[in-house]
Amino acid sequence: MASRFNPIIADAHWQSVWDKDGTFVADDESARPKSYVLEMFPYPSGRIHMGHVRNYTMGDVLARYRRMKGFEVLHPMGWDAFGMPAENAAMERKVHPGEWTWSNIATMRAQLKRLGFALDWSRELATCDPAYYGHEQALFLDLFAAGLVYRRQSEVNWDPVDMTVLANEQVIDGRGWRSGALVERRKLNQWFLKITDFAEELLDGLDALDQWPDKVKLMQENWIGKSQGMEFRFALAAPMGGHKSFEVYTTRPDTIFGSSFAALSPDHPIAVALAEERPEIAAFIAECKRGGTTAAELETAEKKGFDTGLKAIHPLDPEWTLPVYIANFVLMDYGTGAIFGVPGHDQRDFEFASRYGLPILRVVADSTDDAGKPVEGEADSGDGVLVNSRFLDGMDVEAAKADVIRRAEADGWGAGKTAWRLRDWGVSRQRYWGTPIPIVHCDACGAVPVPKDQLPVVLPDDIAFDIPGNPLERHPTWKHVACPACGGAAVRETDTLDTFVDSSWYFIRFASQPKDRPFDKATAERWLPVDQYIGGVEHAILHLLYARFWTRALQHMGELDMAEPFQGLFTQGMVTHETYRTPDDRWVSPDEVERGADGRLVEAATGQALEIGRIEKMSKSKRNTVDPEPIVDQYGADAVRWFMLSDSPPERDLEWSEAGIEGSWRFIQRLWRITTGETGGGDGTDAALDRKLHQTISAIGANIESLSFNKAVANIYELANAIEKTAPSASRRAAIETLVRLVAPMVPHVAEEVWAAAGGEGLIADAAWPEADPALLVDDEVTIAIQVNGKLRDTERAPKGMSREDLEKMAVANAHVQRILGGAPPRKVIVVPDRLVNIVA
RNA sequence: GCGGACGUGGCGAAAUCGGUAGACGCAGCAGACUUAAAAUCUGCUUUCCUUCGGGGAGUGUGGGUUCAAGUCCCGCCGUCCGCACCA
């Protein structure tokens, strides 16, 4: 047996064995219980990064463990292959986005294979493949037929130089990230999916997701943003154009007598009508819209209003009129686009009223005695009883809300209403590299769906990116087609689908991939839901919400009998690294850093001293990435995998370090020595080691199940330490044999190598996970802590299950205890069997 | 502003139910083997005092509950994350 494990030979060998054997191909027909383990599929950006390695290693350990536990495991991999970077590459390098993407996929597939992941490559898919997106188009048409798709005008960020629509993240300080041009807001006709139809279901469904992090559920809950309130109507004292009244929404109907103004959104129909008549109002509205859309700008934007001169009649007092403003902070797409202002009890209204000299009334107070207390400094949003509110006086807030809603409903001027923060999902993207929306626009017939037998609508390849804008729009032939309904001249929709649509159902396609339809219902239902989904927390809201919506939409249409796609969710931490920076403010990559003569870090090429910056997520901009491939070349897949699992809890960030990977390498070699070295003679059993072994089997199983890989790693170290410290025996040989199976999910190459060398049957990947003997999980002797007044003074060994009386006697007789007691009897003795005795002196 | 998470040695961390704080790893120190180095092995490693028997302090901070608190409760400080004019 070689004295060292050689990963260069072993990795390639076992990877090809698994590949040829089809070891990890999931069998749809298997009689075993199923387990679907999935990691979020990667965007093929070029090369695998450490974040991928960590993510896929975690899923792989679970997948391999579940296989050994007897599950039929589905563990697939694919590519989230549409998106903007491909178009950017096309513009920069004059290469077709498809060519760039497919070449990246080839590179990254090879890189993933070198890490030895137990993936079913037979199910590999790429979303940019017509064989995938054609089915997505079919599903889109199903949603269309079910009334879950509609088209309306919507504002976008428009870059006038690049002639393209920008995502919010691409707008920096009001300018396009690429062109630097001032971004305009433009109205375009765009497609929307009716996710709001499912708002209630998506919110309620969170309760059942008990294997999701609370944090993610809370983020989704806030995003959906349900609020209970009332919608009611203000009549205008004098009609304005055709408008005699307007609706407002409030969550505080109890404060209705504290109102001192009403405000309309600049986009409100009444505001728009006023702007047509009065240039000063048009100017004000234009000013409101000029401000940027970034969070920072909104935060600092002042509350601005314009008094229209209109008067609204208070619904509970025809004599009482309120001024109507147009205000920049009122959003058109939440509630009704109009509010009533209660400055005393809403901070934003308070600021507005203070600025424009409007009355600030108190209608809620700690007690009825405080009715005359002015509201000062800031709004009083606390609970209390109603005051200065006529028939509501003395009621608590909840009772007053209910009473106002009841009266409004009885008298017909308003009603209780639930409002949602969630908006419909705009899926139109004015881009080439995405799934074409399968719609044809016909002057005679309107928007006509492409018949399913004409799918897929394939992207044309002969496009050019030398002119800004969407190449589909100016393609000479592609967009010109006959209308599927009337046969007349028509044009294709040139927008493509948001890439989040692609990732909203890929997990279903992995489970079942017939050629002629998106999936087979029965086969998909056999695998789904995904038992464990693992990915970055950055997808906590959008991707996970969209996928949940898509699954429920399919259920609604009868295509899949399933409400929730992901039973278990785990969000892993990032891989981080120190950053290095030169005095002239350049970031320096770790592989260009070396230790200078004085021990300080310098840039290798220039000898410049470096400042060590914060530990941050590996990113190209900070130049603190470490490419996994050379690391795998040097240390092998197992050392890299082991490092990814060690030390940091998986939900927390992991700092990459040279010392860390060295340590992992040493452990792989140590494992090799333990498992292939001379085991010596000795036939006797070693009860202590037997116990340690079975406790370890149990602990590792539990720790892998709960994805606590760092703890499983510690369990392995403890067992390895115990084995090395004990003399040869039959128990020791058994422990070594078992150790190999225990590490197999984490470091599969060295495990296969040892397994084969030891004459193990078949592959260790197919071997059974060891069973822990329950009888050996408990110690027959325990250490009892001896405390005096809660402080540890000594420990004593005692047989497990020793009686309270005997434990007390033993503790009181203890020399340390006697010394402290000094002959006096203890005042009190607390005995916790098998754990401790605490003597109160 | 609203919501949430977290704070433990030089470092990453563990402590699953309120019961021996610091398992395990990294780094470090001392030693063994070696001509030497690498590799490997052994021991030490929270901190302060010590007459070497021990003793004191210690989980961001100040209180509280308890025989007993990293863990529970209240206040404060700090770090990070999400949302952000949501009526």
Side-chain angles (χ1 to χ4, degrees), chain A residues 3-4 213-216 218-223 225-227 229-230 248-252 255 263 265 295-296 298-303 327-331 333-342 345-349 351-352 378 381 419-423 537-538 540-541 642-643 646-649 651-655 657-660 662-664 666-667 669-670 673 699 702-703 706 708 710-721 724-725 783-795 815-816 819 826-841:
Chain A
S3 63
R4 297 193 113 198
D214 289 339
K215 175 183 161 178
V216 173
L218 192 67
M219 281 162 72
Q220 293 215 349
E221 192 182 315
N222 292 338
W223 189 263
K226 181 180 186 175
S227 74
M230 180 175 88
V248 298
Y249 176 77
T250 179
T251 54
R252 292 296 301 273
T255 62
S265 162
L298 285 175
E299 187 181 6
T300 52
E302 276 184 274
K303 309 265 175 291
N328 64 342
F329 62 86
V330 181
L331 305 173
D333 55 358
Y334 183 78
T336 60
I339 61 160
F340 81 117
V342 183
H345 305 284
D346 179 280
Q347 183 58 24
R348 192 196 40 207
D349 295 348
E351 288 169 29
F352 189 81
E378 58 175 14
S381 53
W420 303 89
R421 213 194 75 110
L422 183 69
R423 312 291 152 83
V537 73
E538 67 273 18
I541 299 176
W642 186 255
F643 178 71
S646 308
D647 288 348
S648 282
E651 69 278 10
R652 253 183 259 178
D653 290 351
L654 171 71
E655 194 194 345
S657 76
E658 202 56 34
E662 294 275 355
S664 295
R666 282 199 300 273
F667 177 71
Q669 295 302 339
R670 182 173 164 219
R673 287 194 302 275
N703 283 330
S706 66
S708 305
N710 57 320
K711 296 186 211 167
V713 163
N715 298 145
I716 294 284
Y717 275 115
E718 282 194 56
L719 180 61
N721 290 347
E724 285 197 319
K725 281 193 168 61
T783 303
I784 302 293
I786 310 291
Q787 298 181 338
V788 178
N789 295 333
K791 284 193 179 188
L792 183 71
R793 293 298 157 174
D794 202 1
T795 59
H816 293 273
R819 184 173 48 78
R827 283 204 290 166
K828 192 174 172 186
V829 179
I830 284 110
V831 179
V832 182
D834 295 333
R835 277 210 172 262
L836 61 75
V837 181
N838 186 18
I839 289 160
V840 185

Engineer: Once you round it to whole Å, what is the distance between P of B/A23 and NZ of A/K725?
Structural biologist: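 Value for this atom pair: 13 Å.
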Engineer: Applying a 4.0 Å non-hydrogen cut-off, can you work out what A/S646 is touching in the nucleic acid: base, sugar-phosphate, or nothing?
Structural biologist: nothing
Engineer: Under 4.0 Å, heavy atoms only, any strand: does A/L331 hit a base, just the sugar-phosphate, or nothing?
Structural biologist: base
Engineer: Go ahead and name the base partner of B/G1; Watson-Crick or wobble counts if both distances stay under 3.5 Å, otherwise write none.
Structural biologist: B/C83
Engineer: Can you give me the closest heavy-atom contact between A/I541 and A/Q220, atom names plus distance?
Structural biologist: O-NE2, 3.7 Å
Engineer: Any strand counts, and the cut-off is 3.5 Å on both contacts for Watson-Crick or G-U wobble. Which nucleotide pairs with B/A30?
Structural biologist: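 Across any shown strand, B/A30 pairs with B/U42.
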Engineer: Over how many whole Å does the gap from A/R666 atom CZ to B/A38 atom C1' extend?
Structural biologist: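 Whole-Å distance recorded here is 12 Å.
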Engineer: Partner lookup for B/C72, please. Criteria are Watson-Crick or G-U wobble with both distances under 3.5 angstrom; report none if nothing qualifies.
Structural biologist: B/G64
Engineer: Counting any heavy atom closer than 4.0 Å, what does A/T783 reach on the DNA or RNA strands: base, sugar-phosphate only, or nothing?
Structural biologist: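 Base: the residue A/T783, judged by heavy atoms under 4.0 Å, touches a nucleobase.
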Engineer: Ignoring the backbone of A/R793, work out which of B/A87, B/C85, B/G56 is nearest its side chain.
Structural biologist: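 Nearest to the side chain of A/R793 among the choices is B/G56.
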Engineer: Write down the partner of B/G58 under the Watson-Crick or G-U wobble criteria, each distance required to be under 3.5 Å.
Structural biologist: none
Engineer: If I take atom OH in residue A/Y334 and atom P in nucleotide B/C85, what distance separates them, rounded to the nearest angstrom?
Structural biologist: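 These atoms are roughly 12 Å apart.
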Engineer: In whole Å, measure the gap between the C1' atoms of B/G75 and B/G22 for me.
Structural biologist: 28 Å
Engineer: Rounding to an integer number of Å, can you tell me how far A/N710 CG sits from B/C11 P?
Structural biologist: 18 Å
Engineer: Which whole-number value in Å describes the distance from A/N703 CG to B/A14 P?
Structural biologist: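 From A/N703 CG to B/A14 P: 11 Å.
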Engineer: Quick one: label A/V330 by what it contacts on the DNA or RNA (base, sugar-phosphate, nothing), any heavy atom closer than 4.0 Å.
Structural biologist: base
Engineer: Touch check for A/E662, heavy atoms < 4.0 angstrom, all strands: base, sugar-phosphate only, or nothing?
Structural biologist: nothing
Engineer: Can you figure out which of B/G54, B/A87, B/G19 approaches the side chain of A/H816 most closely?
Structural biologist: B/G54
Engineer: Can you check whether any acceptor in the base of B/C24 is under 3.5 Å from a donor in the side chain of A/K711, or vice versa?
Structural biologist: no
Engineer: Closer than 3.5 angstrom, by distance alone: can the side chain of A/S265 be matched with the main-chain N or O of A/L331 as a donor-acceptor pair?
Structural biologist: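 The answer is no, because no donor-acceptor pair under 3.5 Å joins these two groups.
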Engineer: I want to check one thing: is the phosphate of B/G12, taken as OP1 and OP2, less than 4.0 Å away from some side-chain N or O of A/S657?
Structural biologist: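 Checking B/G12 against A/S657, no side-chain N or O comes under 4.0 Å of OP1 or OP2.
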Engineer: Contact class for A/N838 (heavy atom, under 4.0 Å): base, sugar-phosphate, or nothing?
Structural biologist: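 Since a base atom lies under 4.0 Å of A/N838, the category is base.
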Engineer: Tell me, do A/V837 and A/I830 make a side-chain contact under 4.5 Å, heavy atoms counted?
Structural biologist: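 A side-chain contact is absent here, since even the closest heavy-atom pair is not under 4.5 Å.
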Engineer: RNA chain B: A/R670 or A/V840, which has the more 5' nearest nucleotide?
Structural biologist: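 So the residue in question is A/R670.
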Engineer: With a 4.5 Å limit on heavy-atom distance, are the side chains of A/R819 and A/R793 in contact?
Structural biologist: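 Of all side-chain heavy-atom pairs linking A/R793 with A/R819, none is under 4.5 Å.
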Engineer: How far, in whole Å, is B/A37 from B/C29 if one measures between their P atoms?
Structural biologist: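 After rounding to an integer number of Å, I get 15 Å for this pair.
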Engineer: Paired with B/C6 by Watson-Crick or G-U wobble geometry, both distances under 3.5 Å: which nucleotide is it?
Structural biologist: B/G78
Engineer: Counting only side-chain heavy atoms from C-beta out, which of B/U20, B/C85, B/A23 sits nearest to A/L836?
Structural biologist: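 Between B/U20, B/C85, B/A23, the one nearest the side chain of A/L836 would be B/U20.
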Engineer: Rounded to whole angstrom, note down the P distance from B/G10 over to B/A5.
Structural biologist: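 About 28 Å, rounded to a whole number of Å.
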Engineer: With RNA chain B as reference, determine whether A/Q669 or A/R819 sits nearer its 5' end, using the nearest nucleotide of each.
Structural biologist: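 It is A/Q669, whose closest nucleotide lies nearer the 5' terminus.
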Engineer: So, under a plain 3.5 Å distance rule, would you say the side chain of A/R423 forms a donor-acceptor pair with the base of B/C86?
Structural biologist: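 In this structure, the two groups form a donor-acceptor pair.
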Engineer: Tell me whether A/N703 contacts the main-chain N or O of A/A699 through its side chain, where contact means a donor paired with an acceptor under 3.5 Å.
Structural biologist: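 Side chain of A/N703 to backbone of A/A699, a donor-acceptor pair under 3.5 Å: yes, one is there.
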Engineer: Which whole number of Å gives the distance between the C1' atom of B/C80 and that of B/G31?
Structural biologist: 44 Å
Engineer: If the glycosidic angle sits within 90 degrees of zero it is syn, else anti. Tell me which applies to B/G53.
Structural biologist: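 In terms of base orientation relative to the sugar, B/G53 is syn.
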Engineer: Is A/D214 touching bases, backbone alone, or none of the nucleic acid, heavy atoms closer than 4.0 Å?
Structural biologist: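 Result for A/D214 = nothing.
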Engineer: Between B/C86 and B/G12, how far is it from one C1' atom to the other, in whole Å?
Structural biologist: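 Going atom to atom, C1' in each nucleotide, I get 41 Å.
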Engineer: Checking contacts here: which listed nucleotide (B/A57, B/C85, B/A87) is nearest the side-chain heavy atoms of A/K791?
Structural biologist: B/A57
Engineer: Using the P atom on both, measure B/C81 against B/U66 and round to a whole Å.
Structural biologist: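 That atom pair is separated by 40 Å.
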Engineer: For A/R835 and B/C67, give me the distance from atom CZ to atom P, rounded to whole Å.
Structural biologist: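 Going from CZ in A/R835 over to P in B/C67 covers 20 Å.
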Engineer: Roughly how many Å is it from CD in A/E658 to P in B/C26, rounded to a whole number?
Structural biologist: 15 Å
Engineer: Under a 4.0 Å N-O cut-off, is there an ion pair linking A/D333 with A/R423?
Structural biologist: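 Counted as a salt bridge, because a side-chain N and a carboxylate O are separated by less than 4.0 Å.
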Engineer: What's the closest nucleotide to the side chain of A/R652 if the choices are B/G19, B/A13, B/U20?
Structural biologist: B/A13
Engineer: Taking the P atom of each, how far is B/G63 from B/A69, in whole Å?
Structural biologist: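 Taking atom P in both B/G63 and B/A69, they lie 15 Å apart.
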Engineer: Please report the distance, rounded to the nearest Å, between CZ in A/R421 and C1' in B/A87.
Structural biologist: 14 Å
Engineer: When all nucleic acid strands are considered with a 4.0 Å heavy-atom cut-off, which category describes A/Y717: base, sugar-phosphate, or nothing?
Structural biologist: sugar-phosphate
Engineer: Mind telling me if B/G9 is syn or anti? Syn here is a glycosidic angle within 90° of 0.
Structural biologist: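 Syn conformation here, the glycosidic angle of B/G9 being no more than 90° from 0.
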Engineer: First locate atom CD1 of A/I839, then atom CD of A/Q787, and finally report the distance between them rounded to the nearest 0.5 Å.
Structural biologist: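 The CD1 atom of A/I839 sits 9.5 Å away from the CD atom of A/Q787.
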Engineer: What is the glycosidic conformation of B/C17: syn, defined as within 90° of 0, or anti?
Structural biologist: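 Nucleotide B/C17 adopts syn.
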Engineer: Between B/C85 and B/U61, how far apart are the two C1' atoms, rounded to whole Å?
Structural biologist: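 Their C1' atoms lie roughly 36 Å apart.
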Engineer: Using Watson-Crick or G-U wobble geometry with both distances below 3.5 Å, tell me the partner of B/U20, or none.
Structural biologist: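 Per the H-bond distance test, none.
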Engineer: Restricting to non-hydrogen atoms, name the atom on A/A419 and the atom on A/Y334 that form the minimum distance, rounded to 0.1 Å.
Structural biologist: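 The answer is CB-OH, 3.6 Å.
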Engineer: Measure across A/F643 and A/S657 and return the closest heavy-atom pair with its distance rounded to 0.1 Å.
Structural biologist: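 Looks like CZ-N, 3.7 Å.
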Engineer: Touch check for A/R827, heavy atoms < 4.0 angstrom, all strands: base, sugar-phosphate only, or nothing?
Structural biologist: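 A/R827: no heavy atom of the nucleic acid under 4.0 Å.
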